[in-house]
Protein chains: 2
Amino acid sequence: MKKVTMADVAKLANVSKSTVSQYLNKRYEYMSEETRKRIAEAIEELGYQPNIIARSLKQKTTATIGVIVFNMLHMLTTQVLHAIEEECQKRGFQVIVCNSGDDPDKEKTYVETLLAKQVDGLIVFPTGKNEDVYRRLVEERFPLVFVDRMVPGVEVDSVLLDNFAAAEMAVDYFASNGYRRIAIVTPPLVPYNVPRMERLEGFRAAMEKRGFEVGDQNVIAAEPAALPRELKKRFVEPERPNALFAINDLTLMGVLRFVKDAGVRVPDEVAIINIDDVPFADIYTPALTTIAQPTFAMGKKAAERVFEQMKAKKADGPRVFRFSPTLMERTSIRRGKA
Amino acid sequence: MKKVTMADVAKLANVSKSTVSQYLNKRYEYMSEETRKRIAEAIEELGYQPNIIARSLKQKTTATIGVIVFNMLHMLTTQVLHAIEEECQKRGFQVIVCNSGDDPDKEKTYVETLLAKQVDGLIVFPTGKNEDVYRRLVEERFPLVFVDRMVPGVEVDSVLLDNFAAAEMAVDYFASNGYRRIAIVTPPLVPYNVPRMERLEGFRAAMEKRGFEVGDQNVIAAEPAALPRELKKRFVEPERPNALFAINDLTLMGVLRFVKDAGVRVPDEVAIINIDDVPFADIYTPALTTIAQPTFAMGKKAAERVFEQMKAKKADGPRVFRFSPTLMERTSIRRGKA
DNA sequence: TTGTAGGCGTTATCAT
DNA sequence: ATGATAACGCCTACAA
């Protein structure tokens, strides 16, 4: 198939492999116009394509970075990936995408495989349960960036939403429009899932700041699939919430499923706000007020950090990059009467 | 950083590189239990990780396949990618994902880069405007599969929806529920975009089969962003449509934007059906009747085909795999009175 | 300005 | 059962 090698080109052009190599690397400086042309012709004629693998072996760099995500289907993932790809494209890098499915074992295997494949850097949406693996990378100063989640106890550049602020923003917005019976809707709370916990904390802090109580009655945690049922249960209680804060797009779906099935009117009976600016937010009725993550900026930053780390080769102190959420005011909340 | 090589392991274990290599490739057959253990220990102690690049150079296979898509953000893409990744994962392959942004030049560059990186196969969501590039691959018998779109004149395994049937399905369903004034809503029609044309043809055929006329009045083609405006224009005309067939998720958004802004009631004033089972289909009000593509099956098949081609190494005649759409009956169409 | 030679880390072929 | 040695295709001194 493709067996044309540099040697073939060299022979046809009547020069040595080195010269061809020079040519390929655009070091024309001391090359006669004459040979340059001959080489170009030979390449053309043979349809020569350099073998980057061979080059990589020598140069110890592959111009590819690995990205391990825990959920490829998640909208955030897709958008961040897109930005990463774009940033890599600019620099002539390629991206190997791996989906861990939030399984730490798979994640670990992927890290090892990618390292074996000599990727130049790694961007990970971590499961959060592989501290040892990450720590080794950090010790080796291997270019690594976390996105969306971070791993407590592992000092790595991390790109994430200012979750605390996002939750505060939700509560503030509700409160300033007269809502008090605010509940947070979230997947099960597990300690290693940092964003989840941060959102809860932000929620709690903002509530308490206003003297609103936070207890079981306004923390609704369940698997997305079980959410509608859980919400229905909550809504028969006397002091049912009149404002729901869904901490991500998946829980939002649970909430919307519920209001539809139960015939609860939005925003008259219950107001809704959520994190993640879902694509249907403004065609839904009522248009959904959301809190958007700057996904593109986050992806870009993540890529930029790996590249900087690749350059630096000295750990210039890992940093956490917090991105500010932005409120997208629409109509799933009744305005006024603060 | 990672300079531990096979030679180091060999030295520490007091064996030759060859033996270590055997060990790594699990050819224990003629290896003493003793040396086996020594090697294992050495590897452990040094934290040795094989260099797959070096292996690839020798074996001429990289266990990675390249995927070039024209729009990473598209839902179909994401889901198909997911399936491809999963299928590759099973076989120990990795996936390099590239986004052409529907730009033929970028697409071409990516093909070249991926070949230079020695990927073992290529799955492409083609822009449709690089026949020459593809034809070369075909001549070289390079494992290649097209997804979603195909390229007329290039004989390659292609995985796509039965677009004709999908469009027929839409018309049939409308018609059998008493609708006559059916319009198709599509992005601009360009000849190299095969699915688009096929959907239009299916629409036309199904309409004519019933003696419904097809003309300018029921082909609404515009850039998604311009669709709401275009639809508004159409809806002031006397014989306005009472059924809209959106050929993909993007045009659906345009349609929904329009009905919301114009206050057109669904399904009372206009019924809607579309291709692509968008995630919010059943939380929308009314729940959207859609025509789903088996995205997962399509991705899986695409991956399987590349692997088969890699095995076969003989062009066993390129095939087009048509996947059947499935109707997801919900409530954006009034039932009955056929 | 161009060529020679050695090496990158692994595998494969033969010996032993 | 294990080892020596030559590739794999490219890059890079250094030599000419």
Side-chain angles (χ1 to χ4, degrees), chain A residues 1-40 42-43 46-64 112-120, chain B residues 1-40 42-43 46-64 92 112-113 115-120:
Chain A
M1 211 205 70
K2 183 161 345 58
K3 26 185 32 154
V4 186
T5 163
M6 228 174 63
D8 302 317
V9 176
K11 192 166 356 154
L12 192 104
N14 251 312
V15 296
S16 77
K17 290 195 298 172
S18 337
T19 312
V20 178
S21 178
Q22 303 281 178
Y23 174 88
L24 289 173
N25 295 301
K26 311 202 184 298
R27 303 213 57 74
Y28 306 125
E29 339 220 319
Y30 303 105
M31 202 179 312
S32 73
E33 179 59 34
E34 165 61 12
T35 50
R36 198 152 117 198
K37 199 179 302 172
R38 280 218 313 284
I39 295 178
I43 287 179
L46 297 173
Y48 167 73
Q49 301 255 173
N51 180 332
I52 296 192
I53 290 291
R55 192 217 305 270
S56 294
L57 180 57
K58 183 75 192 178
Q59 296 188 157
K60 295 156 155 355
T61 168
T62 52
T64 109
E112 283 162 0
T113 310
L114 290 174
L115 288 181
K117 283 203 172 167
Q118 312 295 115
V119 296
D120 297 330
Chain B
M1 210 204 70
K2 181 156 355 49
K3 25 186 32 156
V4 185
T5 164
M6 229 175 60
D8 302 316
V9 176
K11 195 170 348 159
L12 192 103
N14 252 311
V15 294
S16 75
K17 289 195 297 172
S18 327
T19 311
V20 179
S21 178
Q22 303 283 176
Y23 174 88
L24 289 173
N25 294 300
K26 310 200 186 301
R27 303 214 56 73
Y28 305 126
E29 337 220 321
Y30 304 105
M31 202 177 313
S32 73
E33 180 59 34
E34 164 62 13
T35 51
R36 198 150 117 199
K37 201 180 302 172
R38 281 217 313 283
I39 296 178
I43 289 178
L46 297 172
Y48 167 74
Q49 301 255 174
N51 181 333
I52 296 192
I53 290 293
R55 191 219 306 276
S56 293
L57 179 57
K58 184 74 190 179
Q59 296 190 156
K60 298 163 153 352
T61 169
T62 51
T64 108
E112 284 163 359
T113 310
L115 288 181
K117 283 203 172 167
Q118 312 296 118
V119 295
D120 297 330

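Since the structure is predicted, the reported quantities are computational estimates derived from the model, not experimental observations. Every chain is numbered from 1, with letters handed out A, B, ... down the list of sequences.
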Look at all strands and tell whether [X] reaches a base, only sugar-phosphate, or nothing, counting heavy atoms closer than 4.0 Å.
{"X": "B:Asp8", "value": "nothing"}
{"X": "B:Ser56", "value": "nothing"}
{"X": "B:Lys17", "value": "base"}
{"X": "B:Ser18", "value": "base"}

A:Lys117 side chain vs B:Ala63 backbone, donor-acceptor pair below 3.5 Å: yes
Would you say B:Ser21's side chain and B:Lys17's backbone share a donor-acceptor pair under 3.5 angstrom? no
Of the nucleotides [options], which has the atom closest to the [X] side chain?
{"X": "B:Thr35", "options": "D:dC10, C:dA12, D:dT2", "result": "D:dT2"}
{"X": "A:Asn25", "options": "D:dA1, D:dC11, C:dT10", "result": "D:dC11"}
{"X": "B:Ala54", "options": "C:dG9, D:dG9, D:dT2", "result": "C:dG9"}
{"X": "B:Arg55", "options": "C:dT2, C:dT10, C:dC8", "result": "C:dT10"}
{"X": "B:Gln59", "options": "C:dA12, C:dT4, D:dC10", "result": "C:dA12"}
{"X": "B:Ser21", "options": "D:dC11, C:dT11, C:dT10", "result": "C:dT11"}
{"X": "B:Leu57", "options": "C:dG6, D:dC8, C:dG3", "result": "D:dC8"}
{"X": "A:Asn51", "options": "D:dG3, C:dT10, D:dG9", "result": "D:dG9"}
{"X": "A:Ser16", "options": "C:dT4, C:dC8, C:dT10", "result": "C:dT4"}

Could you state the atom-to-atom distance from [atom1] of [X] to [atom2] of [N] in whole Å?
{"X": "B:Lys37", "N": "D:dA1", "atom1": "NZ", "atom2": "C1'", "answer": "17 Å"}
{"X": "B:Lys11", "N": "D:dA4", "atom1": "NZ", "atom2": "C1'", "answer": "17 Å"}
{"X": "A:Met6", "N": "D:dA7", "atom1": "CE", "atom2": "P", "answer": "17 Å"}
{"X": "A:Lys60", "N": "D:dT12", "atom1": "NZ", "atom2": "C1'", "answer": "14 Å"}
{"X": "A:Lys117", "N": "C:dT10", "atom1": "NZ", "atom2": "P", "answer": "16 Å"}
{"X": "B:Gln118", "N": "D:dC10", "atom1": "CD", "atom2": "P", "answer": "8 Å"}
{"X": "A:Ile39", "N": "D:dC10", "atom1": "CD1", "atom2": "P", "answer": "13 Å"}
{"X": "A:Leu24", "N": "D:dG9", "atom1": "CG", "atom2": "P", "answer": "15 Å"}

Terminal axis angle for the helix from C:dT1-D:dA16 to C:dT16-D:dA1, five pairs an end, nearest 10 degrees: 40°
Check this one for me: any side-chain N or O of A:Lys58 less than 4.0 Å away from OP1 or OP2 of D:dC8? no
May I ask you to verify if any side-chain N or O of B:Tyr48 is less than 4.0 angstrom from the OP1 or OP2 atom of C:dT10? yes
Which of B:Val15, B:Thr35, B:Ile39, B:Val9 passes side chain to side chain contact (heavy atoms under 4.5 Å, CB included) with B:Tyr23? It is B:Ile39
Rounded to the nearest 0.5 Å, what separates atom CD1 in A:Ile43 from atom CG in A:Leu24? 5.0 Å
CD on B:Gln49 to CD on A:Gln118, rounded to 0.5 Å: 9.0 Å
With side-chain contact (heavy atoms from CB on, under 4.5 Å) as the criterion, how do A:Asn51 and A:Thr5 come out once you've worked through the C-alpha distance, each side chain's angles and the decisive distance to 0.1 Å? CA-CA 8 Å; A:Asn51 180 332; A:Thr5 163; over 6 Å; no
Are A:Arg55 and A:Asn25 side-chain neighbours, meaning at least one heavy-atom pair lies under 4.5 Å? yes
Does the distance from a Lys or Arg side-chain N to an Asp or Glu carboxylate O, for B:Glu34 and B:Arg38, drop under 4.0 Å? yes
